[in-house]
Structures are given as structure tokens and as C-alpha cells.
Amino acid sequence: MSAPVIAIDAMGGDFGPHCIVPASLSCLVENPSLHLVLVGQKSLIEQLVAQHPGTDLARLKIVDAPEVIGMDERPAQALRGKPRSSMRVALEEVRDGNVKACVSAGNTGALMALARQVLKTLPGIDRPAMVTALPTQGDPCLLLDLGANVDCPADQLYQFAVMGVVAAESLGRHQPRVALLNVGTEEIKGNQQVKQAAALLQQASGINYRGFIEGDGLYRGEADVVVCDGFVGNILLKSSEGLAGMLVAKVEALFRRSLGARIVGAMALPLLRRLRSELNPAQYNGASFLGLQGIVVKSHGSAGADGFKAAIRRAAQDVEHDLPEQLRRRLGHYLKAIHPADGFDDVTAGGGPPSN
């Protein structure tokens, strides 16, 4: 397999290039096969790169993009008003085949709008969905959508489930368990969109649908793919990150309360470090936009260097598994269940679910 080449929107996020450029250069050191294209204000990026004299410049390219999309800008303004923004130019690098993926910590709404315009969605997909892995008592669970679509009809939730299944299978999950996030597990619970999506999933062949799941069931590891609209998903994600940080801080504070507690804390230090690492939101940073004709990964705008590096690693993983192609080949089998008149068939879509 050829080396992954990834475009980085160097101007996005809360901290901009002063965080993103060093994080990107650190990824180059950690991954000798990685190639990066830093997109943004060229003179500033060159100054930051020069502060890291050991950088392998043969694996680094800088593309000038003088305009920056603000974190509070409206997507429509980003679409029409800034044709040379770092975000758009990075996406165009993907579209033109110069790179395999794009990573941005910028404005989520603008990234979604520009990605749909520049890269287009796969046939049969109405809107892309953001997906990431959350830690559970078992293997990590894929949660989607995370905020790209705050209000979703049933057929979009079904599409999200299909894309989540393919993403989970690419990670080695056999017949991944799929569930809809709901306010209860009983069939009578939930709004109409969730109930209608459940009916579609119950009828779908090849999808291991397990019914409704509540938030506590997600963290017990009762499903491999959990589907919800972006309004709910974003709240769950941010609440989870806040809770993880609070728990670690509380435990550390307990071990500082007295001399005896500090002694016990010193003995438990390796376990505390492991807990902090496993619950650290930075290592799970990076949400893939599934359903596009190209790979786009969204980093938290507030992510530091470690978090942004995790987003780059996520993009490299998506390149390795070629998620858009896997989705394209598999969508026909699943989507004809809700769009039978659209002409999807197993031949043009590359076949149905895997036989294993």
C-alpha cells in the first residue's frame, strides 16, 4: 500500500497553526510512512516549521491559502465568501486526488457544508454523519451522528446505521451489534423518527440490529454501533468527555487529602496513570465524516497537540481501510430496503453483506 498523504487545515480550531503545525510535525516523526500537506497562510506556516529543524521536508508540503474561516462564521458565508480558505483548499486537495484525506479542527458547520459541495456524497446517502469511538467496559463503541445533523428523519438514521456497520467491520468487528439510542429500551418508547428507524432496521437483512439502548447500556458495551441524531450525539459526547475529566480529577484530589492518602496514591500511581490515559478524551479525538466521496476527519476545535495527533492517526486509519470505497461497494444491498425504486442492486454496488 502507498504511503498515506493527508491534507491538514492548519488554520482551523481554537489554537490555530501554533498548535496544529507542531502536532503535525510530531506525527511525521512518529510515522515514517506519513506524508502531510499543510494548508494555510504560507509565510506563517513556514516560520513555524523552521522552529523544528529536524523535520523531514521530503514528506512535507505547504499549500498557500490566505483566507481563514472563523469558528463562529455561518456555513453559508464560508461557502460563498471565502474561495481560498484553508478549509476549502484542503478539501480540494482531496477532490483533485493530490491527497487521500483531510483533517480540520475548524468550524463544524462550514466543514460539513464545504465537504458536501466539494467532495459530494456517495450515491444513496443524503447527508454525511460524524462518527467516533467511545470507550466502554468492552471494546470501543462507534457513535454516530455527533453533531453534523441535529434533526434526522428515520431514513437518515437508517443510513447512519448502515455506514456505522461498514466502519465497524473495517475495524474487524464480526456482525457488529447495532442499536438506536433512546430514552428506554421498550418498543413503545421514543419519538416517531426513532420508532420508524427501528422498523426499517428490523426489516434489513445483514444488519445485526439489537433494538433500543440507553446511555448506560452504551458504556456497558452492549452494542458496537449506536445511532442517534446529531443533537443527542453531540450532547452525549461532550457530557462523556466532561464526566471523564471530572472523575480523574476527583480521584487524584482524594489521594492528595492527607499524608496517608498521598502514600496510598504513590503506590497506586501506575494505575492512576493508566486510568487517566484510558479516559483521556484526547486519544479518542477525531470524528470521521462517513458518506462522502473522500475522507474527512473533524478534530475538536479545542483539541491540543495530542488530540490533533489522534485525529491525524484516525485519518491515516481511514485511508488504510479505504472507507469510502467500502461504503460505496456495500450501500446498494442495504439502501434498497428503504429506496427500492432507486435502482440499487448488488451488482453495481459490489455485493451484499459479507458471507462470514
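Because only heavy atoms are used, hydrogens play no part in the values below, and waters and symmetry mates are left out as well, while side chains stay in.
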[Y] and [X], any side-chain heavy atoms less than 4.5 Å apart:
X      : Y      : result
Val165 : Val178 : yes
Met163 : Leu122 : no
Leu237 : His300 : yes
Arg116 : Pro128 : yes
Glu214 : Thr185 : yes
Pro324 : Ile295 : yes
Leu48  : Ile20  : no
Asp56  : Leu28  : no

Would you confirm whether [X], through its side chain, and [Y], through its main-chain N or O, come within 3.5 Å as a donor-acceptor pair?
X      : Y      : answer
Lys298 : Phe289 : no
Ser26  : Ala23  : no
Glu93  : Asn98  : no
Gln293 : Thr121 : yes
Asn107 : Glu73  : yes
Ser288 : Leu290 : no
Arg59  : Leu34  : yes

Listed partners of [X] passing side chain to side chain donor-acceptor pair (under 3.5 Å), at least two apart:
X      : answer
Lys195 : none
Gln117 : Arg88
Glu222 : Arg220

Q: Assess whether side-chain contact (heavy atoms from CB on, under 4.5 Å) is satisfied between Val21 and His52, documenting all intermediate values.
A: CA-CA 10 Å; Val21 171; His52 300 264; 5.6 Å; no
Which atom pairs, donor and acceptor, lie under 3.5 Å between side-chain atoms of residues 224-236 and protein residues at least two apart or in another chain?
from, atom 1, to, atom 2, distance (Å)
Asp224, OD1, Arg173, NH1, 3.2
Asp224, OD1, Arg177, NH2, 3.2
Asp224, OD2, Arg177, N, 2.8
Asp224, OD2, Arg177, NE, 3.1
Asp229, OD1, Phe231, N, 3.0
Asp229, OD1, Val232, N, 2.9
Asn234, ND2, Leu146, O, 2.9

Taking all non-hydrogen atoms of both residues, which atom of [X] and which atom of [Y] are closest, and how far apart?
X      : Y      : result
Ala115 : Val296 : CB-CG2, 4.5 Å
Pro17  : Leu44  : CG-CD2, 3.6 Å
Gly286 : Thr132 : O-OG1, 3.3 Å
Ala315 : Val103 : CB-CG2, 3.6 Å
Leu91  : Cys102 : CD2-SG, 4.0 Å
Ala113 : Pro75  : CB-CB, 4.1 Å

Q. Salt bridge (charged side-chain N to carboxylate O under 4.0 Å, His left out): which pairs involve residues 18-38, sequence neighbours left out?
A.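 Counting only pairs at least two positions apart or across chains, the salt bridge (charged side-chain N to carboxylate O under 4.0 Å, His left out) contacts touching residues 18-38 are Glu30-Lys309, Glu30-Arg313.
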Q: Take Val89 and Arg84 through the test side-chain contact (heavy atoms from CB on, under 4.5 Å) and record every step on the way to the result.
A: CA-CA 6 Å; Val89 172; Arg84 295 299 297 165; 3.6 Å; yes
From [atom1] ([X]) to [atom2] ([Y]), nearest 0.5 Å:
X      : Y      : atom1 : atom2 : value
Asp322 : Leu327 : CG    : CG    : 9.5 Å
Tyr209 : Gln203 : OH    : CD    : 11.5 Å
Asp318 : Leu323 : CG    : CG    : 4.5 Å
Glu46  : Asp64  : CD    : CG    : 8.5 Å
Asp155 : Gln193 : CG    : CD    : 10.5 Å
Gln159 : Asp145 : CD    : CG    : 12.0 Å

Q) Which residue pairs pass the side-chain hydrogen bond (donor to acceptor under 3.5 Å, both in side chains) test with at least one member in residues 5-18, sequence neighbours excluded? A)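 Counting only pairs at least two positions apart or across chains, the side-chain hydrogen bond (donor to acceptor under 3.5 Å, both in side chains) contacts touching residues 5-18 are Asp9-Ser86, Asp9-Ser104.
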Q: Classify the side-chain pair Gln156/Asn149 by whether it contains a donor and acceptor separated by less than 3.5 Å.
A: no
Q: Among Val37, Val5, Val39, find the residue that satisfies the side chain to side chain contact (heavy atoms under 4.5 Å, CB included) test when tested with Lys61.
A: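 Checked Val37, Val5, Val39 against Lys61; only one passes side chain to side chain contact (heavy atoms under 4.5 Å, CB included): Val37.
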Would [X] and [Y] show up in the same hydrophobic cluster when neighbours are defined by side-chain heavy atoms closer than 4.5 Å?
X      : Y      : result
Met11  : Phe15  : no
Met71  : Phe308 : no
Val131 : Leu171 : yes

Q. Should we say atom CD of Glu187 is surrounded by more than 12 heavy atoms from elsewhere, each under 6.0 Å from it?
A.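 For Glu187, atom CD is not crowded (no more than 12 foreign heavy atoms under 6.0 Å).
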Q) Is it true that Lys238 and Glu241 make a salt bridge, defined as a side-chain N closer than 4.0 Å to a carboxylate O? A)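 No, no charged N to carboxylate O under 4.0 Å.
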Q.
Quick one, Ile6 with Val99, criterion side-chain contact (heavy atoms from CB on, under 4.5 Å). Give me CA distance, side-chain angles, the key distance, then yes/no.
A. CA-CA 5 Å; Ile6 297 173; Val99 302; 5.9 Å; no
**Q.** Pair Ile213-Leu181, side-chain contact (heavy atoms from CB on, under 4.5 Å): steps then yes or no
**A.** CA-CA 5 Å; Ile213 192 172; Leu181 190 62; 4.2 Å; yes
